[in-house]
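All remarks here apply to the structure that follows.
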Amino acid sequence: MSNWHDVAAQADLFEDAGIAVTVNGQELALFSVAGQVYAIDNACSHGPAKLCEGWVVGEEIECPLHQGRFSLQTGEATFGPACESVKIWPVRIENGRVWVSVDQSLS
Ligand code: FES
């Protein structure tokens, strides 16, 4: 059984901008940064904010509410007031589609 989910067209992604997708009832944010696509929990671990509405700073996402930051590679909270990590999910690109697996997070 395949646990990969086709969540978006790669063409839907714009450099340094997030979009929200839902996989198995779970909301994720996709970001395309320097040619790499990342899938991260959309809910900030600090409060009621959606990370898809945040800003990309290098390879981190800055929360739009209190400007906490998370690594897009590890999910680690890198700047306060965020202090709890968020989950990062495996992504693969195939034939112009973005596939995400939510079986086991990378973080
Ligand atoms: Fe994201 Fe506070 S809600 S840093």
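Model, not experiment: these values are computed from the prediction. Counting starts at 1 for both ligands and their atoms, in listed order.
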For this session: Would you please say whether a donor-acceptor pair under 3.5 Å links the side chains of Thr78 and Glu60?
Result: yes
Exercise. If we ignore angles and hydrogens, is there a donor and acceptor under 3.5 Å between the side chains of Gln67 and Glu62?
Worked result: no
May I ask you to list the atoms of ligand 1 that are less than 4.0 angstrom from any heavy atom of [X]?
{"X": "Gly68", "answer": "4 (S)"}
{"X": "Cys63", "answer": "1 (Fe), 3 (S), 4 (S)"}
{"X": "Cys44", "answer": "1 (Fe), 3 (S), 4 (S)"}
{"X": "Leu65", "answer": "3 (S)"}

For this session: Look at His46 and state whether any of its N, O or S atoms is less than 2.8 Å from atom 1 (Fe) of ligand 1.
Result: no
Problem set entry | Side-chain ion pair, Lys87 and Asp41, N-O less than 4.0 Å |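 Here Lys87 does not pair with Asp41 in a salt bridge, since their nearest N and O are not under 4.0 Å apart.
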Problem set entry | Shortest-distance N, O or S atom of His66 relative to atom 2 (Fe) of ligand 1 |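 Looking at His66, the N, O or S atom with the least distance to atom 2 (Fe) of ligand 1 is ND1.
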Exercise. With no hydrogens and no angle check, is any side-chain donor or acceptor of Ser71 less than 3.5 Å from a backbone partner on Thr74?
Worked result: yes
Exercise. Do any N or O atoms from the side chain of Asn42 and from the backbone of Lys50 form a donor-acceptor pair under 3.5 angstrom?
Worked result: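 No: the side chain of Asn42 does not pair with the backbone of Lys50.
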